[in-house]
Amino acid sequence: MTFAATVLTLYPEMFPGPLGISLAGRALERGDWSLETVQIRDFAKDKHRTVDDTPAGGGAGMVLKANVLAAAVDSVADKRPILAMTPRGAPLTQARVRDLASGPGAVILCGRFEGFDERLFEARSHIEQVSLGDIVLSGGEPAAIALLDACIRLIPGVMGAALSGAEESFEEGLLEYPQYTRPFEWEGRTIPEVLRSGDHAKVAAWRKAMSETDTRLRRPDLWERYGSVRGRPASGARHETKDKDQ
Ligand code: SAH
């Protein structure tokens, strides 16, 4: 089964963009996933093909019209999840990405200007509102590209070494451990000795400890959740590795 992506946008020319290159691009050529764009403006029925209007209540910018958006969304009604990109949505997680990647694909609605008329979400309650994070982009397209990139690399056969996805950041609720590569010494800094020991159990233990320490220090929010999921207090890492050379 291929992963079918449909992007509803005012700027179809932004696609495939970065998704046509490297890993995602090769997978697209192979047919491991497919991409279709829908021009939202095609669903504006007035003579000027108007997609937006001024915000009710006043204020800067323009708001995308509910009737035009709904017509665009309805035109691709099928079994795939429909996601609207908006900073007001639920922050995307790797778990949601994994879920999407194992399904039939996704329909992604990209906003512009000040965003969507809220009544779209009331009238089409199956639309899931998702956010790329606590930042404001000028449009939903870069967010759609990021979301699709995250999904595509998980499609079986897309990533070279199948296992390289399993240990990554967020997959176990932790950040990934730090990585190193040759040369052994660079600007006077060496690679932690344990990584050259050839002792797989020791390497695994060191990596787990580093994952826990870095998550606790860099992402207290993730660390808190990790602790509560495992039913133990998230107050301190089991292994307090400050010196990464140990
Ligand atoms: N006025 C809106 C922001 C509009 S930005 C607000 O303050 O919430 C214009 C469009 O960019 C949005 O409709 C959305 O599609 C996209 N966008 C901006 N930031 C985003 C984010 N963090 N995640 C997903 N989409 C985003």
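This one's a predicted model, so the numbers in the text were calculated from it and none came from an experiment. In listed order, ligands and their atoms are each counted from 1.
- Where the criterion is an N or O separation shorter than 3.5 Å, residue side chain and backbone included, Met85 meets it with respect to ligand 1.
- For atom 7 (O) of ligand 1, no protein non-hydrogen atom is found at a distance below 4.0 Å.
- Results of the side chain to side chain donor-acceptor pair (under 3.5 Å) test with Glu212 over Tyr226, Tyr177, Trp223 single out Tyr226 as the only residue that passes.
- Here Ser138 has backbone heavy atoms under 4.0 Å from ligand 1, and that is the only part of it that gets that close.
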_Applying salt bridge (charged side-chain N to carboxylate O under 4.0 Å, His left out) to Arg26 and Asp32, what does each step give before you reach the verdict?_
CA-CA 9 Å; Arg26 287 194 298 274; Asp32 289 344; over 6 Å; no
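- No side-chain heavy atom of Ile108 sits less than 4.5 Å from a side-chain heavy atom of Thr6.
- In terms of polar-atom proximity, Phe113 is not counted as a contact of ligand 1, lacking any N or O under 3.5 Å from an N or O of the ligand.
- Distances from atom 3 (C) of ligand 1 to the heavy atoms of Gly115, Pro87, Pro142 show the closest one on Pro87.
- Checked by distance only, ligand 1 and Phe116 stay at 3.5 Å or farther apart across all their nitrogen or oxygen atoms.
- Taking any N or O of Val130, backbone or side chain, none lies under 3.5 Å from an N or O belonging to ligand 1.
- At least one N or O atom of Leu137 sits closer than 3.5 Å to an N or O atom of ligand 1.
- Results of the side-chain contact (heavy atoms from CB on, under 4.5 Å) test with Leu154 over Asp99, Leu100, Val97 single out Val97 as the only residue that passes.
- Set against the non-hydrogen atoms of Gly111, the atoms of ligand 1 under 4.0 Å away are 10 (C), 13 (O), 15 (O).
- By heavy-atom distance, the residue among Gln129, Glu114, Glu141 lying nearest atom 1 (N) of ligand 1 is Glu114.
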